[in-house]
Amino acid sequence: MRYLTQGRADPDRIPPSPRRRAGWLASRPADLPDHLRRHLDALVASCPQLTVLAARIRAFAALLTERHGADLDVWIKTVRGNDLPALHAFAHGLDTDHDAVVAGLTLPDSNGPTEGVITKVILWNPSCQVPPRIRLLRVCAGRLGRRPGDSVAVGLGISGFKPSFLAGIESVRQAHGSRLAMLAGRPLTGFALVRFVEDGDWFADCPVVLDFDGVQVEVCHSKLDELSMGWDTINTAATITGWECFELTPEWSHSDERLEPFVRQELREVALLEWRPADRDLAAGTVAVEFAFAGDCLRIVNGLDENRIEVGAAQPDYIRHRLGR
């Protein structure tokens, strides 16, 4: 990582964070916009170690995408000949599970999606406790803990945020249906999301706050099927606390290209959408909240243990439950 922090930037520009530069290295060069690709090329060329690192990352990406498991040993041998200690540790891990890795790089089938879901569940489970020094990993994975007094794990350091999660269309409708219906006729006057200061990325684990002419609704999804909604409890003017020991700094933002077109529009209707696909789906029963305006619809949906913002027509696998006054 130290190689990623050696770039130089114009004094009047904020340099890209190491996290974002690492993302560029891990991306397909052809998928990056021209200006980012030029920036990455200049960054890689500025440091011999980074030049080698980029080459090894891209070579391993080829093993993954083209299923060249037979070439793994050559890649490992090459990496061990380079002065890149972090990659040496990675190569050692690959060698430890050599047969499994070769199979994963060769066979057409994979249990990767299943393992991803299992990892999410493990990170959420309150019984899987971790030391405070690595709590950030648990938080960034979407784990909203339930222990009183643990401000980062429970409320993510957000003033007034005390999530109360519900599962299932009926429980959400009974708890919040009437209040959601009463929002109809009000204009959306503002919104707030949490972004990281270092790179501007949206922290999708935090609640999406919508202000309808003085009535604030706070929507937050968790796990595969849980939804928390709050009313006028979060203070978006307050500093998010408890992150002083972490490398990322969250703060409230009132800028988002998906939400901005809806500001000052009158809300026509609110509906709860229940995900009911024809095929078997682990997320079946997930409840999304849809806000219908004159010209378009805005939805806050479950993005697999985090929030996702959607605009436009909903997918046909949703069952719409309209909320009347």
Do L193 and F203 have side-chain heavy atoms sitting under 4.5 Å apart? no
Qualifying residue, where the test is side-chain contact (heavy atoms from CB on, under 4.5 Å) with L227 and the options are N307, L166, V219, N302: V219
All heavy atoms of I309 vs all of I300, minimum pair found to be CG1-CD1, 4.1 Å
Tell me every residue that passes ring pair (Phe, Tyr, Trp, His ring centres under 6.0 Å) with F291, counting only those two or more places apart in sequence or in another chain. F212
Look at atom CD of E66 and say whether more than 12 heavy atoms of other residues, nucleotides or ligands are closer to it than 6.0 Å. yes
Report yes or no: does R299 contribute a side-chain atom to a donor-acceptor pair with the main-chain N or O of A313 at less than 3.5 Å? yes
Close side-chain approach of M229 to L180, heavy-atom, < 4.5 Å: yes
N-O pairing of R38 and D41 below 4.0 Å: no
Who are the ring pair (Phe, Tyr, Trp, His ring centres under 6.0 Å) partners of Y318, not counting sequence neighbours? W275
Taking all heavy atoms of E218 and all of D232, pick out the closest pair and write down the distance. OE2-N, 3.3 Å
For S255 against E260, the heavy-atom pair lying closest together: OG-OE2, 3.2 Å
For residues R67 and T106, report the shortest heavy-atom separation together with the two atoms involved. CD-O, 3.8 Å
Considering all heavy atoms of both residues, which atom of R195 and which atom of G200 are nearest to each other, and what is their separation? NH1-O, 3.2 Å
Any link between L53 and V74 through a network of hydrophobic side chains (Ile, Leu, Val, Met, Phe, Trp, Tyr) touching at under 4.5 Å? no
Contact summary for I234 and Q216, nearest pair of heavy atoms: O-NE2, 2.9 Å
